[in-house]
Amino acid sequence: MGQTLSQASSQGAHSHEARARGPRLIALAGPFQCGKTTLLEAILAHAGAIPRQGPVAAGASVGDSSPEARAHQMSVEANVATVDYMGDRYTFVDLPGSVEFAHDSRNILPAADAAVVVCEADPRKIPALQLILRQLEELGVPHFIFLNKIDAATIDVREALSILQQASRTPLLLRQIPIWNNGVAVGFIDLALERAYVYREHAPSEVVDISGGDVATEKEARYSMLERLADYDDALMEELISDIEPPRDQIFDDLTKELRAGLVVPLFIGSAERGAGVTRLLKAMRHEAPGIEATRVRLGVGESGPALARVFRTIHTPHGGKMSVARVLRGAFADGQTVASPQGEDRVSGMSHLMGAATSKTTEAKTGDVVALGRLDHAQTGDTIVADARAGAADLQKTRAETPDPVHALALNVKDRKDEMRLAAAMTKLIEEDPSLVFVHDQELSQIKLFGQGEMHLRVALERLASRFNVAVDFSKPTVAYRETIRHKVTVRGRHKKQSGGHGQFGDVVMEIAPRGRGEGFAFSERVHGGSVPRQYFSSVEAGCQDALLHGPLGFPVVDVEAVLTDGSYHSVDSSDMAFRTAARIGMSEALEKAEPILLEPVLAVDIFVPSDAMSRATGIVSARRGQIMGFGPREGWEGWDKLETLIPEAEMDNLIVELRSATAGAGFYQARFDHLAEVVGKQARDIVAAHTAKAHAG
């Protein structure tokens, strides 16, 4: 029948009664607009951390408290809240659901003990759910599913389970079934407890008897749950075959162990907006979720050694300065203590627990705690910090989570020249908070560029620039780095002669200028005979040729040409390095005009990943952008996904990610890299050159 549970779980057996001790970190994840922030609010109300559950849409919630989140009515950063529930401390981190802000999860999820994935049985959101579940599976983070909005459900829970299973490689385990009354879910039956509950608005559910009509349904669903558990427990399988009712403690023991081993994903139901089903979810987390010991094992952090924490978020506050939000994985940290990060040492200046935007001071953080550490100037998001740099040297080498490649870009222009330095300083702080932003000063194009994960991602970054750092910018589509080359071989003479009293200037060169293969760059050689150009001037001739390549006749840098110095003359007194450099520049410029210059544009190799049912829409998007489809097929290891290999001109990449996400309910994405330069012809080439010339004259 396969391995037993004791063999499957590397963490050993944990009885249901011997639940994990100490503070725990629980991540709330899920697709966009599935109710994660509402669930956080319901949890805080049930735990007594807030007097009542505030409506998210009204901007009254603990989560989504930033001006940008409330303006756009969506989570745009992770929200942290630490509460006590039934004598245990929990920190909940509400992760943004939009894929544009999903980068936060890369540093947070590894430090979490478990996750609750909030979702709906909506087939349109399955690809987005699949991305989240795949990340949890690959990280090895145990997770529950909370099927939200059960009060508005229009399908049977078994059908919902079938839909959601498409997104998970790990078997989903139905833990509860709804109690229906006139087509509305008014409560649920807990299959492990064999107990029925009726929902009460923003209050604990009321225990009721299982009615006659639900008895058979409950028996069938419970047996299916036990069969799934028995796949990993031979003793339970023997009991089921022998028609022996297993003890309740044994069932909970299996539920706990199989969750922690990543063998099953328990599915709970409820309504976050009404606070329904939240108590049972909290109790499942309390008894079944693993603690810090298991998380340390997963992260490869030893039990002994100096105090150690992982920074998973950075926040710059208007008055308190920089805060590094960290999970203590080992030992304890105290206010005023010196700590080391990979970049250097800092002294902790203030420690706080977080409740959304609110903070409460503390003086010590123990193993398992999540705490905001003040003024750690060297520490960055994703860093490991230790209390002793020498003893914890190996721990400091742990790598950060990789940041996703950017997929959207804007060119920025400060409205006030005086703000250029302030812009750079402000962007440094924003990138500390959000490492997925990339800020580049492109010297060639004289452009400041901001790269990120999508249109909304960059819009929020610019809003923060204006509101928090008082730096206002205009933005536009980034300029494409066009190039030019030549079509024919020509021979030219470049001559520079100037007499102005005393020593003059004289340089004379004859050169053959020819095109090279695409991507071969510039090459220089000489075939001079008889010393017509002394060897000492060869490097100056080469430098003069390269000077001319910086700005070709069409207005762009010139690539893929070769220059061969064949002849020339010199003056024993007036010739110099500068004279020959000038002569070569003159000759090369003339040659480029004569050799039929052509315009080149960068073309990117773009790998597009979309759900299979969106493939036709994706190919249409590529074709509309002058793209070429080079190949397509199933995405390896991803059931229900396809990969499209394409070549797309860089000039056509603007808003590609916006279109892809619109066509895939937010789940599609791409990876791009430079591939080659391709010729641009006809009216398109003329328009590009004309626009570039007009811009140069205007500048």
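Heavy atoms only: backbone and side chains are in, while hydrogens, waters and symmetry mates are out. Everything numeric in this text was worked out from a predicted model, so none of it was measured. Note that the numbering runs from 1 along the sequence shown for the chain.
Atom CG in Asp104 sits 10.0 Å away from atom CG in Leu109 (nearest 0.5 Å). One finds the OG1 atom of Thr582 at 6.5 Å from the CD atom of Gln505 (value rounded to the nearest 0.5 Å).
Taking the centre of each ring, Phe556 and His692 come in below the 6.0 Å mark.
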Next item on the list: Please assess Ser66 against Glu77 for the test side-chain hydrogen bond (donor to acceptor under 3.5 Å, both in side chains), listing each intermediate value before the final yes or no.
Entry: CA-CA 9 Å; Ser66 70; Glu77 68 270 307; 3.0 Å; yes
Note to self: I'd like to know whether Thr317 forms a side-chain hydrogen bond (donor to acceptor under 3.5 Å, both in side chains) with Lys322, so could you lay out the CA-CA distance, the side-chain angles of the two residues, the decisive distance to 0.1 Å, and finally the verdict.
What the structure shows: CA-CA 6 Å; Thr317 63; Lys322 179 181 176 181; over 6 Å; no
Next item on the list: Evaluate side-chain contact (heavy atoms from CB on, under 4.5 Å) for Asn413 paired with Ile448, printing each intermediate quantity in order.
Entry: CA-CA 7 Å; Asn413 183 46; Ile448 298 172; over 6 Å; no
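Glu402 has no carboxylate O lying under 4.0 Å from a charged side-chain N of Arg106, or vice versa, which leaves the two without a salt bridge. Checked for salt-bridge contact, Lys449 and Asp442 meet the test: a charged N lies under 4.0 Å from a carboxylate O. Taking a cutoff of 4.0 Å between a charged side-chain nitrogen and a carboxylate oxygen, Glu596 and Arg487 qualify as a salt bridge. Comment: Arg495 engages Asp508 in a salt bridge, judged by a side-chain N to carboxylate O separation of less than 4.0 angstrom. With respect to Glu601 and Arg483, no salt bridge is recorded, no charged nitrogen being found less than 4.0 Å from a carboxylate O. Checked for salt-bridge contact, Asp607 and Arg673 meet the test: a charged N lies under 4.0 Å from a carboxylate O. With salt bridges taken as basic N to acidic carboxylate O contacts below 4.0 Å, none links Arg493 and Glu590.
Listed by first and then second residue, the ring-ring contact (aromatic ring centres under 6.0 Å, His included) pairs involving residues 436-464 are Phe101-His457, His103-His457 (not counting sequence neighbours). Applying the side chain to side chain donor-acceptor pair (under 3.5 Å) definition to pairs two or more places apart or across chains, those involving residues 384-399 are Arg330-Asp395.
Residues passing the salt bridge (Lys or Arg N to Asp or Glu O under 4.0 Å) test with Glu463, sequence neighbours excluded: none. For the salt bridge (Lys or Arg N to Asp or Glu O under 4.0 Å) test, no residue two or more places apart in sequence or in another chain qualifies with Lys497. For Asp383, the salt bridge (Lys or Arg N to Asp or Glu O under 4.0 Å) test picks out Arg400, with sequence neighbours left out.
The aromatic rings of Phe669 and Trp641 sit tilted, their planes meeting at an angle between 30° and 60°.
Shown here for Asp474 and Lys415, the closest heavy-atom pair between the two residues is OD1-CE, 2.9 Å. Residues Arg585 and Ala548 share a closest heavy-atom pair of O-CB, 3.8 Å. Nearest approach of Ala387 to Gln337, heavy atoms of both residues: CB-NE2, 3.1 Å. Closest approach of Leu604 and Ala672 over heavy atoms only: CD1-CB, 4.2 Å.
No donor-acceptor contact under 3.5 angstrom links the side chains of Thr381 and Glu433, judged on distance only. Side chain to side chain, Gln447 and Thr479 meet the donor-acceptor criterion of an N or O pair below 3.5 Å. With hydrogens and angles left out, the side-chain atoms of His316 and Glu432 include a donor and acceptor closer than 3.5 Å.
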Side-chain polar contacts of residues 528-546 - donor-acceptor pairs under 3.5 angstrom, sequence neighbours left out - could you list them?
from   : atom 1 : to     : atom 2 : distance (Å)
Ser532 : OG     : Asp567 : OD1    : 2.9
Tyr537 : OH     : Ser575 : O      : 3.4
Ser540 : OG     : Asp577 : OD1    : 2.8

